Amino acid sequence: MIISLVNQKGGVGKTTIAVNLANSLSEKGYSVVLVDADPQGSVLQWQSILNNHPFDVKHCPSASLLGDRKSLAKKTDHVIIDAPPAIGEITQAILAISDLAIVPIAPSPLDIWSSKETISLFPETRKRNHRMEAKLLICRKIVGTRVGKEAREALETYGMALFESEISQRVAFVEAMISGQSVLTYAPNSEAAREIRRLSKEII
Ligand SMILES: Nc1ncnc2c1ncn2[C@@H]1O[C@H](COP(=O)(O)OP(=O)(O)OP(=O)(O)O)[C@@H](O)[C@H]1O
Ligand SMILES: [Mg+2]
């Protein structure tokens, strides 16, 4: 399955989820390739800290480098693509080959509004890529507040699928990233790790 993390809005958690999801699917025994399609190269920087991950990382920061679905998904169970915060050619190329496009959205009106342009790409993309499913994911939710619930109600009016899983704002995500790990190895019994395992279970 080709799973992409897309949202033109920056800083919503695309890279954090891509890295942790790749680790979680590997932990479940799947072969995984993690594709850094962001010219910023954030995944590459994370990878270079430890460099002992149970999956390959490829840097494909342009539509032509990304290639087609067949060559990308060859000999691997899952490809995770971390998209840049843009809706240009590269993001459209990513959507054209995705089976599942995950749109992480922080639960604030500003973030919800600025994700609309990304979401508006989906109907057109589906005409060319019938297999693509798109799903919103509430991300960076502040624990102990009502904003997650309110965001869920607001997002339901979009008529798009929404993950039941939610990713909260947790320091373990930042600390794991700094140490070049995923939350699954950095803090295996943490709430952050549980949230990622729950998300990967829901995807599978
Ligand atoms: N669930 C989370 N809890 C705490 N911090 C988080 C969480 N998700 C992301 N962050 C932090 O927020 C910042 C932005 O996250 P990240 O780089 O994953 O977002 P992004 O959508 O990939 O950004 P960009 O659009 O610039 O590529 C980083 O400093 C990251 O460590
Ligand atoms: Mg990123």
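The first residue of the sequence shown is numbered 1, and numbering continues consecutively from there. Ligands are counted one by one from 1 in listed order, and the atoms in each one are counted from 1 as well. Every value quoted in this text rests on a predicted model; they were computed, and no experiment measured them.
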For V12, the ligand 1 atoms with a heavy-atom partner under 4.0 Å come out as 19 (O), 20 (P), 21 (O)
- Query: Can you find a protein heavy atom under 4.0 Å from atom 29 (O) of ligand 1?
  - Reply: no
Worksheet entry | Sub-4.0 Å protein heavy atom next to atom 6 (C) of ligand 1 | yes
min-distance protein heavy atom vs atom 4 (C) of ligand 1 -> R170 O, 3.3 Å
Next item on the list: Determine yes or no for a side-chain-to-main-chain donor-acceptor pair under 3.5 angstrom, with E202 supplying the side chain and S165 the backbone.
Entry: yes
Worksheet item: Does some side-chain heavy atom of L199 sit less than 4.5 Å from a side-chain heavy atom of L137?
Response: yes
For atom 19 (O) of ligand 1, the closest protein heavy atom turns out to be G13 N, 3.0 Å
Atoms of ligand 1 under 4.0 Å from any heavy atom of D38, numbered from 1 in the order shown, are 27 (O)
closest protein heavy atom to atom 15 (O) of ligand 1 is T16 OG1, 3.8 Å
| said: Please determine whether the number of non-hydrogen atoms from other residues, nucleotides or ligands lying under 6.0 Å from atom CD of E156 exceeds 12. | reply: yes
Exercise. Verify the distance test for Q40 against the Mg ion (ligand 2): any N/O/S atom under 2.8 Å, yes or no.
Key: no
Just checking E153: does its CD atom have more than 12 heavy atoms from other residues, nucleotides or ligands closer to it than 6.0 angstrom? yes
Discussion item. Are more than 12 heavy atoms, taken from residues, nucleotides or ligands other than K135, located less than 6.0 Å from that residue's NZ atom?
Written reply: yes
Is it true that the side chains of E195 and S168 contain a donor and an acceptor less than 3.5 Å apart? yes
Contact (N/O only, under 3.5 Å) between M177 and ligand 1
no
- Criterion side chain to side chain donor-acceptor pair (under 3.5 Å) on S71 and D68, from CA distance to verdict: CA-CA 6 Å; S71 58; D68 61 12; 2.7 Å; yes
message = I want to check something: taking the side chain as every heavy atom from C-beta on, are W46 and T15 in contact at a cut-off of under 4.5 Å?
response = no
shortest atom 24 (P) of ligand 1-to-protein heavy-atom contact is with G11 N, 3.6 Å
Taking only non-hydrogen atoms of G10 and a 4.0 Å limit, the atoms of ligand 1 in range are 25 (O)
The protein heavy atom nearest to atom 26 (O) of ligand 1 is Q40 NE2, 3.5 Å
Atoms of ligand 1 under 4.0 Å from any heavy atom of I167, numbered from 1 in the order shown, are 1 (N)
Here the gap from I97 atom CD1 to T125 atom OG1, rounded to the nearest 0.5 Å, amounts to 12.0 Å
Review point. Near K28 NZ, under 6.0 Å, is it more than 12 heavy atoms from other residues, nucleotides or ligands?
Key: yes
So CD1 of I196 and CG of N20: to nearest 0.5 Å the spacing works out to 4.5 Å
*For ligand 1, find out whether one of its N or O atoms is nearer than 3.5 Å to an N or O atom of S42.*
no
When distances are taken from atom 13 (C) of ligand 1, the protein heavy atom at minimum range is R140 NH1, 3.8 Å
Per-atom filter on ligand 1: closer than 4.0 angstrom to a heavy atom of K14 are 18 (O), 19 (O), 20 (P), 21 (O), 22 (O), 24 (P), 25 (O)
Of all protein heavy atoms, the one nearest atom 17 (O) of ligand 1 is T15 CB, 4.0 Å
For S168, the atoms of ligand 1 under 4.0 Å from one of its heavy atoms are 1 (N), 2 (C), 3 (N)
So CG of N7 and CD1 of I102: to nearest 0.5 Å the spacing works out to 12.0 Å
Quick note on ligand 1: atoms under 4.0 Å from a heavy atom of V174 include exactly 4 (C), 5 (N), 31 (O)
